[in-house]
Amino acid sequence: MSADAIIIGAGHNGLACALHLASRGWKVLVLESSDTSGGAVKTAQVTLPGFRHDLYAMNLSLFAGSAFHAEHGATLARHGLAFIAAARPFASAFAEGSSPAWLGLEQGLEATLARIGRVSARDAQAWRALDARFEREAPHLFALLGAPLPSWQAARALWRMGRSLGLAGMADSARLLLSSPRDWLSDTFESEAVRCLLAAWGLHLDFAPDVAGGALFPYLEAMAGQRFGMALGQGGADVIVRAMVAALRAAGGELRTGARVRRIHVAGGRAQSVELDDGQRIEARRAVIANVHPGALYGALLGAAAPPGSAQARDLRPGPATMMIHLALDALPAWRASTELQTFAYVHLAPSLQQMAQAYTQAMAGLLPHEPVLVVGQPTVFDPSRAPAGKHVLWVQVRVLPAKPCGDAAGQIPAAHWDDIKDAYAERVLDILERYAPGLRGSVLGRCVLSPADLERDNPNLVGGDSLSGSHHLDQFFLFRPAFGRSRWRTGVGGLFHIGASTWPGAGTGAASGYLLARDLSG
């Protein structure tokens, strides 16, 4: 058997690549080792029947705004893709006794300015200036972040940016790209509440308040959330996967689940075929495309055929680990700060820059954080179809944890494998939630705890439970993702390409690496 392109891994990047190539007439075969497609975009009933939980990714704004969706959105809509808009994308609740008790961002400049103005008139002015800056700067930043590196496309984006913003504007953009969240936020806002509202987004990647390069993501998320809100998948985040699979098959592509690739065979410096666990070999006439972690690609899949200079890519450093807690609820959390928090898609429980920095430091030292950063998702506020009538699901992402705990910063949980301590740590998380939303435990109908070890078992790309498939610090970003000399998704082996969150432009649901490579290959 043969195909023009064999794609290893049916995550959203692999499926986007496959669909684009199939739409250009390529014969495409996607091989997925798991029994289900989607990678880190999955929805399942893991607590009780009728409660649909997004296991990992929930926010689909990057996908909805992606170049891939702009080109293929109409096709995907015919195959069931539908989004639900959340006009109140995120908020932060602060510790009891704080003033303000909470702060939220919603779609629309004036509404957000009114909220911030009640905290600080000066910060409301700064926010208005930031919005004007985003108007000028965003088209150029997004053009750069959506371009292959290196490429004439990226060079043109920088040239146009320079012409539009001038030298001083370019310097401001460069400074933003290099700044830590704390430095940029302290320079921009006077209120600790406003700073915390944005800084929490740094820890959606692995940028603690004092890590250089971490200011960009809070800036982009705040401004984009204010302008566009948040996009959720109707019925669950897996709606994008189901639509891509259906569209791929309609275009003549093939997807096999439960098909684990054992080895990529190389001859004459070129990838020729793949071998499955059952011994079957499939020839690739034009390309083998690996949507896997570089450790797997340059390790077991290539073996001795891995080209010289592969060690840096193979050893891509993981970011902190993540735990997911899924709750089936009888009612929404009764937030102590305000019941208005029930109207937001995300509620961050990251009450201070000090707490964020401390949690990160403890996790990187191998300790279970005394108080982790929590991202609490409330999808049924906007999409009641995910739960039985009157019921709700709660999506709790526990950020910055150690992959292999060697101790507990609180001195309460013994050092052990995650399988043995995940429930004890989940109780700590529920205790934190109970402080912010008294009575929550009494509303819990069912729960599912997925530890960092569970994440990696379900998806080997999430090494050590790192939901980002590799740290995004500056030494592993831009031309260094996954390593210098491995840009433009090339591997050093002819006809073998590498996509996914471990490659430029990194993690998220935008499917950029798969789409950009497919566009490059198909002309």
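These values consider heavy atoms only, across backbone and side chains, with no hydrogens, waters or symmetry-generated copies.
Rounded to the nearest 0.5 Å, atoms CG (L394) and OG1 (T47) are 11.0 Å apart. A distance of 9.5 Å separates CD in Q153 from CG in L144, rounded to the nearest 0.5 Å. Atom CZ of residue R286 and atom CD1 of residue I289 lie 10.5 Å apart, to the nearest 0.5 angstrom. One finds the CD1 atom of I325 at 9.0 Å from the CG atom of L450 (value rounded to the nearest 0.5 Å). Separating the CG atom in L29 from the CE atom in M1 is a distance of 5.0 Å, to the nearest 0.5 Å. Here L21 contributes atom CG and S23 contributes atom OG; the two are 7.5 Å apart, rounded to the nearest 0.5 Å.
Smallest separation of non-hydrogen atoms from C406 and A365: SG-O, 3.6 Å. The heavy-atom pair separating S37 from L255 by the smallest distance is OG-CD2, 3.3 Å. Considering all non-hydrogen atoms of both residues, R447 and L327 come closest at CB-CD2, 3.4 Å. Of all heavy-atom pairs spanning G235 and S385, the tightest one is CA-OG, 3.8 Å. Across all their heavy atoms, S2 and K27 have their closest contact at O-NZ, 3.3 Å. Nearest approach of L220 to F134, heavy atoms of both residues: CD2-CE1, 4.0 Å.
Between the side chain of R519 and the backbone N or O of L517, no donor-acceptor pair lies under 3.5 Å. With hydrogens and angles ignored, the 3.5 Å screen pairs a side-chain donor or acceptor of R488 with a backbone N or O of P150. Here the side chain of S164 pairs no donor or acceptor atom with the backbone of R160 at under 3.5 angstrom. In terms of modelled atom types and a separation under 3.5 Å, the side chain of H472 and the main chain of G470 share a donor-acceptor contact. Not one N or O on the side chain of Q312 forms a donor-acceptor pair closer than 3.5 Å with the backbone of A483.
The closest side-chain heavy-atom distance from L462 to R457 is not below 4.5 Å. Contact of the R270 side chain with the L496 side chain is not registered, since no non-hydrogen atoms from C-beta on lie closer than 4.5 Å. In this structure, the side chains of R260 and E32 stay at 4.5 Å or more apart for every pair of heavy atoms. Residues V449 and D423 meet the side-chain proximity criterion, which asks for heavy atoms closer than 4.5 Å. Between P318 and E456 the shortest side-chain heavy-atom distance does not fall below 4.5 Å. Annotation: side chain of F478 is in contact with side chain of L149 (closest heavy-atom distance under 4.5 Å). By the 4.5 Å heavy-atom criterion applied to side chains, Q362 and M364 are not counted as neighbours. Looking at heavy atoms from C-beta onward, S451 lies in side-chain contact with D454 at the 4.5 angstrom threshold.
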Does the pair E71 and R24 meet the rule for a salt bridge (charged side-chain N to carboxylate O under 4.0 Å, His left out), with working shown? CA-CA 13 Å; E71 179 168 351; R24 297 300 187 270; 2.4 Å; yes

Go through the steps for R399 and T322 under the test side-chain hydrogen bond (donor to acceptor under 3.5 Å, both in side chains), then give the verdict. CA-CA 5 Å; R399 299 300 305 168; T322 297; 2.9 Å; yes

Evaluate L401 against W418 for side chain to side chain contact (heavy atoms under 4.5 Å, CB included), listing each step before the verdict. CA-CA 11 Å; L401 300 176; W418 271 112; 4.0 Å; yes

Test side chain to side chain contact (heavy atoms under 4.5 Å, CB included) on N59 and T509 and set out the steps. CA-CA 8 Å; N59 178 2; T509 58; over 6 Å; no

V396 vs V375, side chain to side chain contact (heavy atoms under 4.5 Å, CB included): CA-CA, chis, key distance, verdict: CA-CA 6 Å; V396 184; V375 187; over 6 Å; no

Check against side chain to side chain contact (heavy atoms under 4.5 Å, CB included), L55 and M324: CA-CA 7 Å; L55 296 189; M324 297 299 309; over 6 Å; no

What do the steps show when you test D277 against R263 for salt bridge (charged side-chain N to carboxylate O under 4.0 Å, His left out), and what is the final call? CA-CA 8 Å; D277 262 357; R263 183 64 53 85; over 6 Å; no

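Ion pair R317/D206 not flagged as a salt bridge, since none of the NZ, NE, NH1 or NH2 atoms sits closer than 4.0 Å to an Asp/Glu carboxylate oxygen. The pair E275-R281 fails the salt-bridge criterion, with no side-chain N (NZ, NE, NH1 or NH2) lying under 4.0 Å from an Asp/Glu carboxylate O. Comment: R285 engages D4 in a salt bridge, judged by a side-chain N to carboxylate O separation of less than 4.0 angstrom.
Checked against Y56 for a side-chain hydrogen bond (donor to acceptor under 3.5 Å, both in side chains), the options D458, T43, N459 give a single hit: D458.
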Please report, to 0.1 Å, the donor-acceptor pairs under 3.5 Å made by any side chain of residues 294-311, with sequence neighbours excluded.
residue, atom, partner, partner atom, Å
Y298, OH, R486, NE, 3.2
S310, OG, P307, O, 2.6
S310, OG, R486, NH2, 3.1

Throw together a table of side-chain donor-acceptor distances under 3.5 angstrom for residues 10-17, partners on residues two or more places apart or in other chains.
residue, atom, partner, partner atom, Å
H12, NE2, G508, O, 2.9
N13, OD1, S513, N, 3.4
N13, OD1, S513, OG, 3.0
N13, OD1, G514, N, 3.0

For a quick test of your reading: what N or O donor-acceptor pairs under 3.5 Å do the side chains of residues 497-506 make, sequence neighbours left out?
residue, atom, partner, partner atom, Å
H498, NE2, V292, O, 2.7
S502, OG, S469, O, 2.8
S502, OG, S469, OG, 2.8
T503, OG1, G500, N, 3.4
T503, OG1, G500, O, 2.8
W504, NE1, A147, O, 2.7

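Side-chain contact annotation: E137 with Y219, donor-acceptor N/O pair under 3.5 Å present. Judged by distance alone, the side chains of H53 and Q45 never bring a donor and an acceptor atom under 3.5 Å apart. Under 3.5 Å, the side chains of D210 and S180 contain no donor-acceptor pair of N or O atoms.
Residues forming a salt bridge (Lys or Arg N to Asp or Glu O under 4.0 Å) with R386 (at least two apart in sequence, or on another chain): D54, D383. Listed by chain and number, the residues in a side-chain contact (heavy atoms from CB on, under 4.5 Å) with D278 are L276, Q280 (sequence neighbours excluded). A64 is linked by a side-chain contact (heavy atoms from CB on, under 4.5 Å) to F83, A231, counting only residues two or more places apart in sequence or in another chain.
Centroid-to-centroid, the aromatic rings of F51 and H326 stay 6.0 Å apart or farther. The ring of W201 has its center closer than 6.0 angstrom to the ring center of F90.
A tilted orientation is assigned to the rings of H72 and F68, their planes being inclined by 30° to 60°.
Counting heavy-atom neighbours within 6.0 Å of R175 CZ, excluding the residue itself, gives a total of 12 or less.
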